[in-house]
Structure formats: structure tokens, C-alpha cells
Amino acid sequence: MHIDSKIVHGGQHPDKETGALSPPIFQTSTFAFRDADHGARLFNQEESGYIYTRLSNPTSDLLAKKIALLESTDAGVLFASGLSAVFNLVITVAQAGDHVVSDDTIYGGTFALFKTIMPRLGITVTFVNTADIDALSRAITDKTKLIFTETPANPTMKIVDIAACAALAKKNHALLCVDNTFATPYLQRPVELGADIVLHSMTKYFGGHGDIIGGAVVGSKEFIHELWENAKEIGGCISPFNAWLVLRGLKTLAVRMDRHSKSAQKIAEYLSRHKKVERVYFPGLSSHPGHDLAKKQMSDFGGMLGFDLKGGKEAGKVLMNSVKLCILAVSLGDVDTLIEHPASMTHSTYTDEELRACGITAGFVRLSVGLEHVDDIIDDLEQAMANI
Ligand code: LCS
């Protein structure tokens with residue numbers, strides 16, 4: 001089956017009893033036991049079944065299985081947010097005394113979690129450019145349990161060679177986790193390239209409509225069981241209703257990603273011709289350093305892009321304050337085009353030096369290209385550019 005068809009049908013069937021095409025929402029906190037022994041057997045994991053929604057829920061399970069299927073792996077656990085997914089992942093793979101290598105260009109919230117929270121738990125994190133395989137190799141120690149990377153990276157759209165990172169992880173008995181939020185499995189499937197674990201902020205393209213927060217981790221059955229054992233005690237489960245909204249949003253992922261990608265390509269080309277623009281960051285441009293690699297490991301380039309204006313930060317502010325159709329907001333992957341300033345917003349957890357080191361300039365503007373008519377988005381940017 002093609003990925004488009006898996007996105008529609010994968011893991012889902014009309015309800016056996018009623019024929020309902022849309023899956024029911026099991027909006028319940030708890031599940032009745034048949035008798036006391038049944039309850040005890042479920043708690044003892046001698047029999048499978050539902051106990052309490054923090055542990056598992058049929059609506060969430062359906063979505064977790066579907067994401068695992070789309071990512072060509074076995075199973076998954078869902079969380080209340082993408083960041084909760086990252087936290088649970090790391091504390092499952094690493095304990096006090098262990099080491100994690102993370103890419104230096106990642107979502108600012110993940111960066112803060114790695115920089116400030118993990119060391120408090122005795123887990124040290126080294127930040128490195130994982131696109132530089134020699135640098136990555138040098139950062140790995142005998143305590144390294146996890147390599148964590150995003151590709152395309154938030155917000156610079158840096159492309160990381162997943163297969164090369166996977167080979168290095170294997171050689172060093174560490175696990176490779178790829179945050180696949182920007183690409184989605186429609187455009188890129190890290191497990192097929194050798195990654196062990198895939199993480200998603202479902203808040204973005206999976207939900208697709210800007211109305212939920214959620215996270216997912218998928219991987220091998222054994223790893224996911226271990227993750228679940230921790231997750232149920234930590235308690236950051238997704239709500240059944242949010243899982244259902246993601247199930248609904250996911251159905252249109254393929255058509256949305258096609259449209260996001262096509263419009264982003266056209267906008268990136270428009271921006272790169274613009275006299276007020278210094279540089280455009282979009283892997284679909286042949287000038288992007290990761291263009292060839294992106295062509296190899298992705299089927300299209302996605303809907304995210306960034307750009308520097310010649311007038312730097314002040315020009316960026318004028319632009320963001322002048323847009324009328326685009327919305328000045330963080331988050332991404334929504335129906336609406338969103339514009340934001342990473343250095344003062346999503347990546348304000350980075351110091352100026354850290355921003356410089358990973359190439360996020362003071363004036364960098366990030367655009368999450370939505371599903372409006374592309375010419376209307378360009379017209380809006382054009383009228384805003386006139387104010388600079
Ligand atoms: N991973 C990536 C690549 C992200 O972009 C985000 C959030 C997360 C994980 C965390 O997921 P959450 O907890 O928000 O569901 N990125 C955001 C951004 O760029 N703007 O606002 C949130």
C-alpha cells in the first residue's frame with residue numbers, strides 16, 4: 001500500500017458492531033473489571049485489557065498503532081505534549097551518570113529541557129552539529145545512550161544524514177532518535193533509514209488544525225514497553241479527545257503536506273529573488289547545503305522555511321508587525337500561515353552565543369506555510385515588505 005493510502009486506512013476499520021466509520025472516542029478515565037480477580041490479573045499484566053486512561057485507552061492506542069505503522073515500526077506511546085514525549089524518552093534511555101548527544105539546532109523547548117532539567121537528574125547532554133559526522137563521533141563517550149536529532153531542524157531547516165547517524169549510533173551501542181515533526185512520515189521515515197526511535201510533536205502537522213497539543217514516541221515493541229512502564233508512572237498521558245482529533249487530522253496528512261510543500265517551494269523562490277532578503281533557508285532550494293541529502297531521504301521538502309532580511313532584526317520586526325493574512329504566532333504545521341521570530345520566541349532559551357553557534361541569526365524570520373492560496377501569502381509578504 002502507498003503511504004497515502006496507509007494514512008487513510010492504516011490500522012483503522014469500521015466499528016464491527018455499528019459500522020461507524022469514524023472511531024469512537026473512549027472519553028473515560030476508568031474501565032470496569034468483570035470481577036476482582038480480573039482486575040488483579042490486569043494489574044499483574046497476566047491478561048491484557050484496559051484499567052485506567054493514564055495507563056492506556058482504546059482511542060489513544062488506535063492512534064499510537066497508526067503512527068507506528070506509518071513510521072514502519074512496531075508500537076508507540078502518546079503523551080500530553082511533544083516535550084513530555086522527549087522527557088519520557090530520555091529518562092527511559094538514560095539514567096543518572098549517562099550521557100546524551102543532541103543536535104545543537106532543535107526546538108528551543110527541547111533545548112531547555114536538555115540544558116537545564118536533564119543535568120539536574122544527573123543526565124549530561126552534549127550539543128553538537130549532528131550533520132557533521134566527525135564532530136558527532138567525537139562527542140560520543142562510553143556513557144552515551146542516546147543520539148537525538150531533528151531533521152529538518154527547527155528553525156534553520158538544517159538537514160542531518162539519518163543513515164550516517166544511525167550507523168554511528170549502532171557502532172557505539174547507543175540509540176538514535178529522530179524528531180520527525182517537520183517532515184512527518186509522509187515525507188520521511190527515519191526507521192527505514194536505520195533510526196531506532198521516532199518522536200513527534202503531534203501538535204503540528206499530525207493534528208494539522210492548530211487545536212491540540214500532543215506528542216508521540218514510536219519504536220520497537222521492547223523499547224516501547226519499557227517507555228510505557230515509565231510513562232504510566234510519570235503521568236503525562238494524552239487525553240482521548242485530543243488523540244481522536246489527531247486521528248481525524250491525520251487522515252488528510254498527505255494532501256496537506258503536498259500543498260504545504262508546493263506553496264513553501266514557491267514562497268522560498270519568491271523570497272530568494274526579493275531585493276530586501278539576504279538569505280532563504282529552505283531545503284528545496286538548490287542553494288541549500290542540505291538540498292541533495294534532503295532529496296535522498298525525503299520525498300518532498302515540507303512547509304517550513306526561514307529567511308534573513310537585509311535590514312536584520314529591525315526589518316524583521318517591521319515585517320512581522322505588517323502582515324495581515326499571515327498570523328504572528330508560534331507553533332507550526334497549521335492550516336493558517338504562521339510567522340515568528342525564533343531568537344526572541346521559540347528559541348529564546350538559547351543564549352546569543354548559542355544562537356550564533358547554530359546559525360540562528362538575530363533577524364531570522366520563520367514561516368510555517370499554511371493552506372491559503374499561495375499567491376495570497378506572497379501578496380501579504382509583499383505588502384509587508386513594502387513597509388521595511
Ligand atoms: N519537537 C519539535 C520539532 C517542535 O517544533 C516542538 C514544538 C516540540 C518538539 C515540542 O512539542 P510540543 O510540546 O509543543 O507539542 N515546537 C514549537 C514551535 O516551533 N513553536 O511553538 C512550539
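Counting starts at 1 for both ligands and their atoms, following the listed order. These numbers were taken from a predicted model, which means no experiment stands behind them. Residue indices begin at 1 and follow the sequence shown. Hydrogens, waters and symmetry mates play no part in the numbers below; they use all other heavy atoms, side chains included.
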* **Pair Tyr281-Phe364, ring-ring contact (aromatic ring centres under 6.0 Å, His included): steps then yes or no** => CA-CA 9 Å; Tyr281 304 77; Phe364 188 103; 4.8 Å; yes
* Asked: Taking it one step at a time, do His99 and Thr144 satisfy side chain to side chain donor-acceptor pair (under 3.5 Å)?
  -> CA-CA 4 Å; His99 178 241; Thr144 306; 2.7 Å; yes
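Using a 4.5 Å heavy-atom threshold, the side chains of Lys145 and Leu175 count as separate.
At least one heavy atom of Arg366 sits under 4.0 Å from some atom of ligand 1. Ligand 1 lies nowhere less than 4.0 angstrom from a heavy atom belonging to Gly109. The shortest heavy-atom distance from Gly214 to ligand 1 is under 4.0 Å. Judged by the shortest distance from any of its heavy atoms, His200 lies outside the 4.0 Å radius around the atoms of ligand 1.
Ligand 1 has no N or O atom lying under 3.5 Å from any N or O atom of Thr110, backbone or side chain. Taking distance alone, with nitrogen or oxygen atoms compared against 3.5 Å, Ile213 stays at or beyond that limit from ligand 1. Of the N or O atoms in Val330, none lie within a sub-3.5 Å distance of an N or O in ligand 1. Checking only distances, Lys204 does come within under 3.5 Å of ligand 1, N or O to N or O.
Considering Leu176, Asp103, Thr110 in turn, Thr110 is the only one that fulfils the side chain to side chain contact (heavy atoms under 4.5 Å, CB included) rule with Phe148. Checked options Leu121, Leu146, Leu113; the residue passing with Val90 is Leu146 (criterion: side chain to side chain contact (heavy atoms under 4.5 Å, CB included)).
In the displayed structure, Lys296 atom NZ is contacted under 6.0 Å by at most 12 heavy atoms of other residues, nucleotides or ligands.
Checking Glu372 against Thr337 by side-chain atom types alone, a donor-acceptor pair falls below 3.5 Å.
At a heavy-atom distance under 4.0 Å, only side-chain atoms of Glu150, from C-beta outward, approach ligand 1.
Taking only non-hydrogen atoms, the option from Ile212, Asp179, Ile106 nearest to atom 3 (C) of ligand 1 is Asp179. Of all the listed residues (Ser331, Gly207, Pro152), Ser331 holds the heavy atom that lies closest to atom 21 (O) of ligand 1.
Atom 8 (C) of ligand 1 has its closest protein heavy atom at Tyr107 CD2, 3.4 Å. In this structure, the protein non-hydrogen atom closest to atom 5 (O) of ligand 1 is Asn154 ND2, 3.0 Å. Among protein heavy atoms, the minimum distance from atom 12 (P) of ligand 1 is reached at Gly82 N, 3.4 Å. The protein atom (non-hydrogen) at minimum distance from atom 15 (O) of ligand 1 is Thr203 OG1, 2.6 Å.
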Only distances under 3.5 Å count here; give the side-chain donor-acceptor pairs of residues 297-306 to other protein atoms, sequence neighbours excluded, each with its distance to 0.1 Å.
unit_1: Gln297; atom_1: OE1; unit_2: Ile162; atom_2: N; d: 3.2
unit_1: Gln297; atom_1: NE2; unit_2: Val160; atom_2: O; d: 2.6
unit_1: Ser299; atom_1: OG; unit_2: Tyr186; atom_2: O; d: 3.4

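Residue pairs satisfying the salt bridge (Lys or Arg N to Asp or Glu O under 4.0 Å) criterion with at least one member in residues 224-237, sequence neighbours excluded, are listed as follows: Glu229-Lys232.
Tyr350 and Phe111 have parallel rings, their planes meeting at less than 30° on a 0 to 90° scale where 60° marks the start of perpendicular.
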